[in-house]
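Proteins come first, then strands; the chains are lettered A, B, ... in the order of their sequence lines, and each starts at number 1.
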Amino acid sequence: MAQISLTFPDGNARSYDAGITPAQVAADISTSLAKKAISATVDGKHWDLQWPIPADASIAIHTMQDEAQANELIRHDLAHIMARAVQEIWPATKVTIGPVIENGWYYDFDRAEPFTPEDLGLIEKKMKEIINKRDEVRTEVWDRARAIQYYTDNNEPYKVELIDAIPGDEPLRMYWHGDWQDLCRGPHLQHTGQVPGDAFKLMSIAGAYWRGDSNRQMLQRIYGVAFTGKEKLKAHLTMLEEAAKRDHRKLGREMNLFHMQEEAPGMVFWHPNGWRIYTTLQDYMRRMQDRNGYVEVNTPQVVSRKLWEKSGHWENYQENMFIVEVDEDHAREKAVNALKPMNCPCHIQVFNQGLKSYRDLPLRMAEFGSCNRYEPSGAMHGIMRVRGFTQDDGHIFCTEDQVESETKTFVSFLAQVYKDLGFEKWRVKLSTRPEKRVGTEESWDKAEAALASGIKAAGYDFEIQEGEGAFYGPKLEFVLTDAIGRDWQCGTLQIDPNLPERLDASYIGADGDKHRPLMLHRATLGSFERFIGILIEEHAGKLPFWLAPRQVVVASITSEADDYVNEVVETLRAAGVRAEADIRNEKINYKVREHSVGKVPVILAVGAREVEERTVSVRRLGEKETRVESLANVTAELATAATPPDLL
RNA sequence: GCUGCUGUAGCUCAGAGGUAGAGCACUCCCUUGGUAAGGGAGAGGUCGAGAGUUCAAUUCUCUCCAGCAGCACCA
């Protein structure tokens, strides 16, 4: 038997027979480790204790203390245990796939009857039974023909299809949890009893397309969460409850920011408080863009079909457009228009007026552009995904050589904006060439490289989303996360050589000839609607003072202070602070509670003492203590806090 | 758009085949109270829309609309 050398994390190496399993290695080290071992990492790969190690390798044995590996195994085993439970309860159910995801797993089933919420309880109970049985987990490697035959015999067509889709003809790994079998890459635990029976929970049932293809069968997906211990599960569930309180839809109501109603699905009715945030943000963005060399324009909402035909949207985007037909009786001729779903074609129209010189490039054109898109009904989400929205849009007309430096400039600009708005964590994704695309490989190489080096030059890292680019060019996505961890693309930067071509944009070069500019689509916030939604969730409604729609409430403690309250409000307003009086006949406790719930950052309470001393009692949102300050000091302090960061 | 669920007062929700309730919010009165809900009274609803079954439907059935979760979509 050949010998192999295994190197442990501490640097020591031991010699074993080739084909030894990590379970045997653990047993060789100590009986206690053999008991506690759950898996191994062999040459960087997560390795089942039962898999033989063929050659020299590095090895680390894992126990439940290794959170990452333990979670993966627990969740993966639970996926199998859940599928087994479902098939034991409803034997006609067909199984498909069940991967580990963040915090848990899901498994997709094909079953005629829909699962009900009550079924989740049944399944959980059955899962606990399986865990208590401590059934052995076994694995074998089968050749494809045998596996296909097996699944055909067992009437599991989805598994057959999965095998067919696995490239090459390498053998397949099979796993058993007791008598229940699944096709699986592994690794897994050694018996079902290793899964903590009190640290998982089935969360929800939802539809999901087989293989993510909306033309195919809709399956039923069950989601679960699982952790290494029940305290961790509890902490996770508590976190979800807390996150729900930050939901912008809930806070939007509580802070009286906006509403939406049935008659205008996907459209926002902004209330005074919400609109205050919106305009404050817009004023800030306008100043920032002015300072960064943008020229601002404004273009029409309703544009003839003819332009959309030229731009290609009529052909490729029509189902997402609001088509506007003018009534024949009132129009000279029947005209078909569409509400603009994006601003780019209009910006090219502005660019195309008059001759442009290479000296004009890069030309940074911005618009707070209102767009309307007929989004699929199921896609809408509060104000984060809507049908009517305003982008902080901009298009940079430039040459190929300018792309990298424009990218760098834009990323730095965006980073400053996000920082000013209180976002520490955001991610950049680079989406590369998709399968269906236009343009040469060479131009894609250049474009992708220009974006990549532009981000690096600005000092940021990025992830790559293979094949996720637009058909005309690669793009950057700047992603923020909402209260419950869903990603939202906010900023974007896309290289587009296509639209300038279609709409015949050109400039005169140094050589006196006409040239085609490139167009960079870019947005920093993305849309005011989505960004404000994210902003609310990020700050749990407690916006930075300068952005807060209501900044200060001056509340009287007794009616004798009413005149002074009004004077304080006047003083603050004169200093540029959004202040309002609350001289209602209510107790100070009541007023403090109400304005705290309404997320007003500062409450100034005044009673007889403050009137006498010309002071105010300052209470900041989220703080218990109050302090008494002179009116002059507080006014100066709040005036500074109310100043947008770019004006400080 | 697809699967499932939901729709009752401004908000959060209860309710039953016989015509609707609570708490908070709102209005008025009493209370002038020192930092997260003082007390009392009052007003408020075509029970998402339409059709069907029934002596009778807000309740049961169907269709539509909207929302929620997930999937798909997001040049």
If the threshold is 4.0 Å, N to carboxylate O, is there a salt bridge linking [X] and [Y]?
{"X": "A/Glu161", "Y": "A/Arg216", "value": "yes"}
{"X": "A/Arg253", "Y": "A/Asp247", "value": "no"}
{"X": "A/Asp504", "Y": "A/Arg516", "value": "yes"}
{"X": "A/Glu623", "Y": "A/Arg620", "value": "no"}
{"X": "A/Lys340", "Y": "A/Glu367", "value": "yes"}

With [atom1] as the reference atom in both, quote the distance from [N] to [M] in angstrom, rounded to an integer.
{"N": "B/G50", "M": "B/A66", "atom1": "C1'", "value": "15 Å"}
{"N": "B/C24", "M": "B/C64", "atom1": "P", "value": "41 Å"}
{"N": "B/G39", "M": "B/C13", "atom1": "P", "value": "24 Å"}
{"N": "B/G21", "M": "B/U61", "atom1": "C1'", "value": "27 Å"}
{"N": "B/C55", "M": "B/A25", "atom1": "P", "value": "47 Å"}
{"N": "B/A41", "M": "B/U19", "atom1": "P", "value": "27 Å"}
{"N": "B/U8", "M": "B/U59", "atom1": "C1'", "value": "11 Å"}

> Any donor-acceptor pair under 3.5 Å joining the side chain of A/Ser559 to the base of B/U32?
Replying inline: yes
> Going 5' to 3' along nucleotides 63-72 of chain B, which nucleotides have protein heavy atoms under 4.0 Å from the base (write B), which only from the sugar-phosphate (write S), and which from neither (write -)?
Replying inline: --BSSSSBBB
> Relative to the 5' end of RNA chain B, which residue comes earlier, A/Leu621 or A/Asn316, by the nucleotide with the nearest heavy atom?
Replying inline: A/Leu621
> Hey, which of these two, A/Glu319 or A/Phe115, hits RNA chain B nearer its 5' end, going by closest nucleotide?
Replying inline: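 It is A/Phe115 whose nearest nucleotide is closer to the 5' end.
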> Of the nucleotides B/U35, B/G33, B/A36, which one has an atom closest to the side chain of A/Lys624?
Replying inline: B/A36
Give me, pair by pair, the N or O atoms of the protein and of nucleotides 11-15 of chain B that are less than 3.5 Å apart, along with how far apart they are.
from  : atom 1 : to       : atom 2 : distance (Å)
B/U12 : OP1    : A/Arg253 : NH1    : 3.3

> Now, which nucleotide makes the Watson-Crick or G-U wobble pair with B/G42, with each of the two distances under 3.5 Å?
Replying inline: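 Pairing partner, where one exists within any strand: B/C26.
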> For RNA chain B, which residues in residues 591-603 of chain A have a heavy atom at a distance below 4.0 Å?
Replying inline: A/Val592, A/Arg593, A/Ser596, A/Val597
> Which residues pass the side chain to side chain donor-acceptor pair (under 3.5 Å) test with A/Asp108, sequence neighbours left out?
Replying inline: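 So A/Asp108 forms a side chain to side chain donor-acceptor pair (under 3.5 Å) with A/Arg221.
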>> Taking side chain to side chain donor-acceptor pair (under 3.5 Å) as the cut-off, I'd like each qualifying pair that reaches into residues 605-617 of chain A, sequence neighbours left out, listed once.
In response: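 Those involving residues 605-617 of chain A are A/Glu567-A/Arg614.
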Base, sugar-phosphate or nothing for [X]? Non-hydrogen atoms, less than 4.0 Å.
{"X": "A/Tyr472", "result": "sugar-phosphate"}
{"X": "A/Ala608", "result": "base"}
{"X": "A/Glu623", "result": "nothing"}
{"X": "A/Ala605", "result": "base"}
{"X": "A/Lys475", "result": "sugar-phosphate"}

> What ring pair (Phe, Tyr, Trp, His ring centres under 6.0 Å) pairs are there with at least one residue in residues 584-603 of chain A, not counting sequence neighbours?
Replying inline: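 Non-adjacent pairs meeting ring pair (Phe, Tyr, Trp, His ring centres under 6.0 Å): zero.
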In terms of relative ring orientation, are [X] and [Y] parallel, tilted or perpendicular, with 30° and 60° separating the classes?
{"X": "A/Phe478", "Y": "A/Trp426", "value": "tilted"}
{"X": "A/His248", "Y": "A/Phe258", "value": "tilted"}
{"X": "A/Phe531", "Y": "A/Phe423", "value": "perpendicular"}

>> Nearest whole Å is fine: how far is B/G10 P from A/Asn256 CG?
In response: 15 Å
>> Between A/Asp562 and A/Ser559, is there a side-chain donor-acceptor contact under 3.5 Å, judged purely by atom types and distance?
In response: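 There is no such pair between these side chains.
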